[in-house]
2 protein chains.
Amino acid sequence: MPQLVRVQNFTVSRDGIAAGEDQSLERPFGHVDPERLFSWAGATASWPMRTDPGGSRGLDDYFTRDFACNIGAEIMGRNKFSPYRGPWEDHEWNGWWGDEPPFHTPVFVMTHHERAPLTLSDTTFHFVDADPATVLAQARDAAQGKDVRLGGGVSTIRQFLEADLVDTLHVVVSPVELGSGLRLWDSPDDLLDRYHLDVVPSSSGVTHHLFWRK
Amino acid sequence: MPQLVRVQNFTVSRDGIAAGEDQSLERPFGHVDPERLFSWAGATASWPMRTDPGGSRGLDDYFTRDFACNIGAEIMGRNKFSPYRGPWEDHEWNGWWGDEPPFHTPVFVMTHHERAPLTLSDTTFHFVDADPATVLAQARDAAQGKDVRLGGGVSTIRQFLEADLVDTLHVVVSPVELGSGLRLWDSPDDLLDRYHLDVVPSSSGVTHHLFWRK
């Protein structure tokens, strides 16, 4: 089995925006209300952050339950981990996810400001100042043969696409227009020179875009 | 997490037929050419029986790669295991799958003719003469908290539906008409009194039907 680099459940607006600008502690998605993007996922039975029973088990649930299947490590940008910029001042900051992060694997956080690894339950965050290929080599090694999830945000995914290091992308287009913010693409067609694409509308109103390498 | 009973990748023709009559050693699907039903699955990268690299990683692949995710046991009817009927005469018969069956878990084979368990690689077949609820209790216990796959064939799935023991069904409708054979349903609508349904067409030509309990 090849060891893939996979983007999963990455959600953007119809105009390609995944998060707002002006991220802050109170607003991890900046001016964008994440509910407007992620309600499709929160409605599924397998949403990793779900705390109560219930939820749908149709098409959307196949994607949320695939989140952890055969994943051995995650790579994320610093802004997915933290609202802070520059040298770490608050070493008490442990990410947005509390004491039980939903990753359950090593996580490699790309940052120009290294710090000691941080272990919360069965997730360990490593802070790495390196280019995508170098970080990926570390993540592949840590994943022990399983796939590597590329968790975002936008600039991290764009860097990895630029370096041609992504094997598959699952991007969910939500039926909202945001107008401004951090933009993944002008159009899904931007990737068609290098990827096959299945476009799959869901009864929830979102449209799943499944890309895999040609 | 609830422990589910799941039908996965079960494929029927447009007229609801999953296998032909007159099963034999040479023709496990009787008069039906299985290629006509299963070519959608064989084209995917994650098809469990794939022996060469390659294959698609779009929508259909989500279903074939979900085959083993969080599955701890399978239940199958005797006719999925063997072309033979009545008391076991050929104890050398080890199933259709060779020395490395694609299940990798305990498998419970429903039969009126018990025999000693059979272990091939990391799959062990148990032969059980009992009603669906009793077999399911054994499979749940063996699955150690993971889900139980209900593997078919038609009469086994119909028995479990009759006993209301199925939580989710993924049934793939292939764009072929077979006319006669073992029929799962007259129409997917037969299940709508008890299940939600997402109908998802694939670019391969098949239509995925995803049922989950109301």
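Naming: A, B, ... by sequence-line order, numbering from 1 per chain.
Scored by the ring-ring contact (aromatic ring centres under 6.0 Å, His included) test, Phe38(B) finds Phe29(B) as partners (sequence neighbours excluded). Contacts of Ala139(A) classified as side chain to side chain contact (heavy atoms under 4.5 Å, CB included), with partners at least two apart in sequence or in another chain: Ala73(A), Ile75(A), Phe108(A), Val148(A).
If you tally non-hydrogen atom pairs under 4.5 Å between each of Leu197(A), Val199(A), Leu210(A) and chain B, the highest count goes to Leu210(A). Interface check for chain A: of the options Cys69(B), Pro2(B), Ala45(B), the most heavy-atom pairs under 4.5 Å are formed by Cys69(B).
Atom CZ of Phe10(B) and atom CG of Leu184(B) lie 5.5 Å apart (nearest 0.5 Å). With rounding to the nearest 0.5 angstrom, the CZ atom of Phe160(B) is 5.5 Å from the CG atom of Leu150(B).
Within the structure, the ring-ring contact (aromatic ring centres under 6.0 Å, His included) test picks out no pair touching residues 134-158 of chain B (sequence neighbours left out).
The heavy-atom pair separating Gly72(A) from Pro106(A) by the smallest distance is O-CD, 3.4 Å. Nearest heavy-atom pair across Ala18(A) and Val154(A) is CB-CG2, 3.5 Å.
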Listing needed: what donor-acceptor pairs below 3.5 Å join chain B with chain A?
residue	atom	partner	partner atom	Å
Leu59(B)	N	Asp198(A)	OD2	2.9
Arg65(B)	NE	Asp66(A)	OD1	3.4
Arg65(B)	NH2	Asp66(A)	OD2	2.6
Asp66(B)	OD1	Arg65(A)	NE	3.4
Asp66(B)	OD2	Arg65(A)	NH2	2.6
Asp198(B)	OD1	Ser203(A)	OG	2.8
Asp198(B)	OD2	Leu59(A)	N	2.9
Ser203(B)	OG	Asp198(A)	OD1	2.8

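In this structure, no portion of Pro53(A) lies under 4.5 Å from any heavy atom of chain B.
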